[in-house]
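Ligands are counted one by one from 1 in listed order, and the atoms in each one are counted from 1 as well. Each residue takes its place number in the sequence, starting with 1.
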Amino acid sequence: MIKEIKQIKTLEELQKLHSDTFGKNGTMTARLKDMKNLAGDARAALNAEASALRDAFRVAQDDLETVAMMAALETQKLDAAAPFDAPADFGAGRLHPLTMALSDLGAIFKHMGYGMRVGPEIEDDWHNFAALNVPLHHPARDMQDTFFVEGGNLLRTHTSAGQIRAMEKEGVPIKIFCPGATYRVDMDATHFPMFHQIEGLVIGSDITLSDLVKDLKTFLSLYFGLDDVPLRIRPSYFPFTEPSVEIDIKWDKKAGKLGQGGDWLEIVPGGMVHPNVLCNVEADPDKYQGFAFGLGLDRMAMLKYGLPDGRKFFEGDIRWIKANGV
Ligand code: DAH
């Protein structure tokens, strides 16, 4: 019967055979009902047979569903330019809060002398991990549960890959920010499999950690409109920076207000770019040094616009965008 299952060409036929076999009056159902009359060996053989059949049905169903889906994708082409009758109250379009946040952040970084670079979302192991001093089997890879795609590539887990591409192409000194979508196998109330980051990178001959703090203060004060930006710096660990830090900003957790209050909010991870990373892009770590940091773009937008649920960003609900966009 397994051979027969494999030869079936449509889901309907498969369902029919399944119900003839495992349905209420199915042949296998009847035999399984009789199992109690069988001797031990025969019973085990029947169980094995039933389980092999179930597997065969499952595999055949998966295969046929895939074929049906591929056929549907071939015929159901989306025409994004097709005319559409907007309801009378549709109104003008709005910018998505993430678009606004990126445009504000980008303008500030450019004002501070950072150039914008964008890298690909499908990355290779070298740019996403190895060149960032995360060799194969390094436990730090576990912190970023990765979507792998065909050909050994992956969906970039962070925009830090952008610093490698930029330094490979342009060399050092360099002062850039790389915004974009990033992907991790993560899904719960506060995590989404896709989110956005902005990587910052400044390499020169006399750059220190205090330059990182100074730039972040300037940037946070401009973005959030704060006169005073009290920051706290804690040691941390990232394979691509040494030393690594977490930078917290003072905030009033209850009121959701930044720059005041008695709580601290972890806001930017960063550090001094590891000499191994500089060597990997053929920059001389005895001549050059600098800092890198990673900002969560979605988080920046949530904090600025007071949006508590980041999942709403990606639901595409026009009513939500109208209420929260400009
Ligand atoms: N790439 C890190 C992440 O996604 C964030 C990060 C940490 C970026 C430290 C940096 C850095 O440039 O120096 O978790």
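Ring pair H158/F240: centre-to-centre distance below 6.0 Å.
A donor and an acceptor atom, one from each side chain of N153 and D124, are nowhere located under 3.5 Å apart. Checked by atom type, the side-chain pair E246/W264 shows no donor-acceptor distance below 3.5 Å.
With a heavy-atom cut-off of 4.0 Å, A292 touches ligand 1 through backbone and side chain alike. The proximity of F240 to ligand 1, defined as any non-hydrogen pair under 4.0 Å, is limited to the side chain. Looking at M272 against ligand 1, nothing comes within 4.0 Å, counting heavy atoms.
Applying the 4.0 Å criterion to heavy atoms of G271 picks out, from ligand 1, the atoms 13 (O). Under a 4.0 Å criterion applied to the non-hydrogen atoms of F238, ligand 1 contributes the atoms 7 (C), 9 (C). Remark: ligand 1 atoms within the under-4.0 Å shell around heavy atoms of G270 are 9 (C), 11 (C), 13 (O).
The residue from E246, E242, E199 that puts a heavy atom closest to atom 12 (O) of ligand 1 is E199.
Among all protein heavy atoms, the one lying closest to atom 5 (C) of ligand 1 is P269 CG, 3.9 Å.
One hydrophobic cluster, built from ILVMFWY side chains closer than 4.5 Å, cannot hold both F291 and Y288; they sit in different ones.
Between R58 and D62, no side-chain nitrogen of the basic residue sits less than 4.0 Å from a carboxylate oxygen of the acidic one, so the salt-bridge criterion is not met.
Checking H274, Q163, H127 one by one against L132, the side chain to side chain contact (heavy atoms under 4.5 Å, CB included) holds for a single residue, Q163.
No donor-acceptor pair under 3.5 Å is formed between the side chain of T241 and the backbone N or O of V273.
Between Q197 and ligand 1, a contact under 3.5 Å exists for at least one N or O pair.
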